[in-house]
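Let me begin by presenting the structure, written as structure tokens, before commenting on it.
All values below come from the heavy atoms of this structure, side chains included, with hydrogens, waters and symmetry mates left out.
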Amino acid sequence: MTDPNYYTFESPLKGYEGLAPLPNEKAEDGKSYVNPPAEKKSEAYTSFASPITNGRRGGFDIHIYFQQTDEEEVKFANQLWERIRREFPELRIYKVWDRPVGPHPVGMFEVNLFTPEQFGAFIPWLVINRGPLSALIHPNTEDELRDHTQRATWMGQPLPLHLKIFPQMVALRQSKA
């Protein structure tokens with residue numbers, strides 16, 4: 001995981017400065033707080049927050065990993081891949097790799113999510129249906145190293161990615177430009 005100290009972070013309150021203080025009133029459950037109604041629903045319900053891409057690339061990649069030397073995991077991964085294709089045909093899903101590829105240390109397949117609605121439906125579904133497999137969830141921005149590390153979320157056991165590939169990819173792109 002990349003050390004968060006390598007990055008700078010804007011204040012989470014940017015754009016919300018100077019507002020009236022929030023009430024300290026507790027909700028019915030006695031634990032949570034009563035929130036004042038918003039003037040409008042957050043745009044995060046319909047598009048991903050910047051700098052996450054909202055276009056053709058997809059806002060999030062989900063890499064679902066399996067040990068390619070474990071027959072049961074290979075079978076489960078292929079069955080999960082088929083189920084996702086059948087239940088979520090609107091998602092982009094790639095081939096099942098039976099070997100490490102790119103920064104990924106074991107076999108895997110990738111699913112792309114394009115909208116917050118898809119994210120909200122697919123991620124809870126995957127929590128329940130991923131079985132013994134691990135999954136890396138990362139946004140797509142212009143900083144692939146950060147996307148795969150500091151901005152990433154794991155389901156199941158995190159796996160060590162081969163991160164050296166990212167500076168090499170940047171250098172290759174710059175040499176082609």
Query raised in the report: Partners of Thr53 by side-chain contact (heavy atoms from CB on, under 4.5 Å), sequence neighbours excluded?
Result: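 Only Arg57, Asn140 meet the side-chain contact (heavy atoms from CB on, under 4.5 Å) criterion with Thr53.
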
As an exercise, state the distance from [atom1] of [X] to [atom2] of [Y], rounded to the nearest 0.5 Å.
X      : Y      : atom1 : atom2 : answer
Met108 : Gln68  : CE    : CD    : 11.5 Å
Met155 : Ile64  : CE    : CD1   : 8.0 Å
Ile165 : Glu144 : CD1   : CD    : 9.5 Å
Phe9   : Gln150 : CZ    : CD    : 4.0 Å
Gln118 : Glu90  : CD    : CD    : 5.5 Å

Minimum side-chain heavy-atom gap [X]-[Y] below 4.5 Å:
X      : Y      : value
Ile62  : Leu113 : yes
Phe114 : Arg92  : yes
Thr153 : His138 : no
Leu136 : His148 : yes
Leu161 : Phe166 : no
Phe60  : Ile123 : no
Val111 : Phe122 : yes

Report task. Establish, for the pair Lys95 and Phe109, whether the NZ or CZ atom is under 6.0 angstrom from the six-membered ring centre and no further than 45 degrees off its axis. Result ->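 No.
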
Query - Cluster link Leu91 to Leu126, ILVMFWY, side chain under 4.5 Å - result: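 Yes; Leu126 is reachable from Leu91 via cluster members.
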
Query raised in the report: What about Val96 and Val74, same hydrophobic cluster or not, with Ile/Leu/Val/Met/Phe/Trp/Tyr joined at side-chain heavy-atom distances under 4.5 Å?
Result: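 Yes; Val74 is reachable from Val96 via cluster members.
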
Give me the atom names and distance for the closest heavy-atom approach of [X] to [Y].
X      : Y      : value
Leu133 : Arg130 : O-NH1, 2.6 Å
Gly156 : Ser134 : C-OG, 3.8 Å
Lys31  : Asp29  : N-OD1, 2.8 Å
Ala121 : Pro124 : O-CD, 3.7 Å
Leu80  : Asn129 : CD1-O, 3.6 Å

Show which side-chain atoms of residues 81-89 pair as donor or acceptor with protein atoms under 3.5 Å away, not counting sequence neighbours.
| residue | atom | partner | partner atom | Å |
| --- | --- | --- | --- | --- |
| Trp81 | NE1 | Tyr94 | O | 2.8 |
| Glu82 | OE2 | Arg86 | NE | 2.8 |
| Glu82 | OE2 | Arg86 | NH2 | 3.0 |
| Arg83 | NE | Glu87 | OE1 | 2.8 |
| Arg83 | NH2 | Glu87 | OE1 | 2.8 |
| Glu87 | OE1 | Trp125 | NE1 | 3.4 |
| Glu87 | OE2 | Trp125 | NE1 | 3.3 |

Query raised in the report: Got a donor-acceptor contact below 3.5 angstrom from the Asp147 side chain to the Thr141 backbone?
Result: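 Yes; at least one donor-acceptor contact below 3.5 Å.
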
Query raised in the report: If you link I, L, V, M, F, W and Y whenever their side-chain heavy atoms are under 4.5 Å apart, who else ends up in the same group as Tyr16?
Result: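 Besides Tyr16, the hydrophobic cluster comprises Leu13, Leu19, listed by chain and residue number.
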
Query raised in the report: Hey, which of Phe76, Trp154, Trp97 is the one that makes ring-ring contact (aromatic ring centres under 6.0 Å, His included) with Tyr65?
Result: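 The passing option is Trp154.
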
Query raised in the report: Run the side-chain contact (heavy atoms from CB on, under 4.5 Å) check on Phe119 and Ile137 step by step: do they pass?
Result: CA-CA 10 Å; Phe119 189 96; Ile137 304 163; 3.9 Å; yes

Query raised in the report: Can you name the salt bridge (charged side-chain N to carboxylate O under 4.0 Å, His left out) partners of Lys14, sequence neighbours left out?
Result: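 Result, salt bridge (charged side-chain N to carboxylate O under 4.0 Å, His left out) vs Lys14: Glu10.
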
**Report entry** Glu17 CD: over 12 foreign heavy atoms closer than 6.0 Å
**Finding:**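 Counting neighbours around CD of Glu17, more than 12 heavy atoms of other residues, nucleotides or ligands fall under 6.0 Å, so yes.
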
Show me, pair by pair, the donor-acceptor contacts under 3.5 angstrom made by side chains of residues 34-52, not counting sequence neighbours?
| residue | atom | partner | partner atom | Å |
| --- | --- | --- | --- | --- |
| Ser42 | OG | Ala44 | N | 3.0 |
| Thr46 | OG1 | Glu43 | O | 3.2 |

Requested in this report: Can you run down the side chain to side chain donor-acceptor pair (under 3.5 Å) pairs that involve residues 156-167, sequence neighbours left out, and say none if there aren't any?
Outcome: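 Counting only pairs at least two positions apart or across chains, no side chain to side chain donor-acceptor pair (under 3.5 Å) contact touches residues 156-167.
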
